[in-house]
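Below: the structure, in C-alpha cells.
Note that this is a predicted model, so its numbers are computed, not measured. First listed ligand is number 1; within each ligand, the first listed atom is number 1.
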Amino acid sequence: MKLFIDTANTNHIKEIASIGIISGVTTNPTLIAKEGRDFQEVIKEITDIVDGPISGEVIGLKAEEMIKEGREIAKMHKNMVVKIPMTKEGLKAVKTLSQENIKTNVTLVFSSNQALFAALAGATYVSPFVGRLEDTLHDGIEVVADIRQILDIYNLKTEIIAASIRTPKQLADAARVGAHIATVPYAVFDKAFAHPLTDKGIEAFLADWQKAFGNKG
Ligand code: E4P
C-alpha cells in the first residue's frame, strides 16, 4: 500500500513529505484553483518536492483535446501522470496516451464497471471516489473492494487509487480492502496521525521518568 497526498498546496506537501510516508501527489482543477497559482508553476514546485507519480488533470472534454493536453502534461516532468475523467472520450484518450507510454489516472470513477473499462483502455491508475460515493449513501469501500477483486481475477495491471478520502476510517477501510494507493488530503493525514492514548502515554512516560530521575537523560 502506498500513500499519496491529495492537494496542490506545496507547504502541506513539504510537511507530509518530510515525514517520509508519501510517494506521490494528486491534484485536480479545484485543488489547483484553490491555490490561485499558475498550473505549470505549482506542478514544477511539486515535482521538486516529491520524486514519485504526480497527477495533473486535463480540462478538455474531447479525446483530441485531452490527448493534446496529456502530451503537454507528460512533457513537464518524467513523473507526471495525466488525469483524465471517466468518459467515453476520456477512455479514447487513455488508449492513445497509453500506447505512447504516457501514464494515466482515470478519475471520477464511481463503479466497478467504469474501473474495468478504464483498465482495459490501458489506464495506469483508476481513482474511485470513496467520499463522494458515501456522501450519497453508497458504499464507497465496497466499490474499491469490487474493483480490486476484478483486477486480480483478470490479472489487470491497473492500480487503484482510493480517492476522495474524507475520514481516517475511510483510509483504514481502503487499506483493508486492498486499494494499492490512497490519496489523502492534508486534514485527514493530520487526524489519522493522532490518537489521544498516544498523547496520554507520552505524558505518563515522561512524568514517571521525571519522578524517578528528574530531568536527567
Ligand atoms: C482525486 O484524485 C481527487 O483529487 C480527490 O480525491 C477528490 O476529492 P473530493 O471528493 O474531496 O473533492
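Judged by distance alone, the side chains of Asn105 and Ser55 do bring a donor and an acceptor atom under 3.5 Å apart.
Protein heavy atom at the shortest distance from atom 5 (C) of ligand 1 is Asp6 OD2, 2.9 Å. Counting only heavy atoms of the protein, atom 8 (O) of ligand 1 lies nearest to Ser164 CA, 3.4 Å. The protein heavy-atom contact nearest to atom 2 (O) of ligand 1 is Lys83 NZ, 2.6 Å. If you check which protein heavy atom lies closest to atom 12 (O) of ligand 1, you get Arg132 NH2, 2.8 Å.
Of the heavy atoms in Ala163, both backbone and side-chain atoms come closer than 4.0 Å to ligand 1.
Looking at heavy atoms from C-beta onward, Ile160 lies in side-chain contact with Leu151 at the 4.5 angstrom threshold.
Counting atoms of ligand 1 from 1 in the listed order, those under 4.0 Å from a heavy atom of Phe129 are 1 (C), 3 (C), 7 (C). With ligand atoms numbered from 1 in the order given, ligand 1 contributes 9 (P), 10 (O), 11 (O) to contacts under 4.0 Å with heavy atoms of Arg166.
Polar contact check, Thr107 against ligand 1: no nitrogen or oxygen pair lies under 3.5 Å apart. At under 3.5 Å, not a single nitrogen or oxygen of Thr183, backbone or side chain, sits near a nitrogen or oxygen of ligand 1.
Remark: Asp135 does not engage Arg132 in a salt bridge, criterion side-chain N to carboxylate O under 4.0 Å. Using a cutoff of 4.0 Å between basic side-chain nitrogens and carboxylate oxygens, Lys62 and Glu65 are not scored as salt-bridged. Using a 4.0 Å cut-off between a side-chain N of Lys or Arg and a carboxylate O of Asp or Glu, Asp51 and Lys78 qualify as a salt bridge. For Lys92 and Glu64, the salt-bridge test fails: no basic side-chain N is under 4.0 Å from an acidic carboxylate O.
Heavy-atom distances between Glu57 and ligand 1 stay at or above 4.0 Å for every pair.
More than 12 heavy atoms of other residues, nucleotides or ligands sit less than 6.0 Å from atom CD of Glu45.
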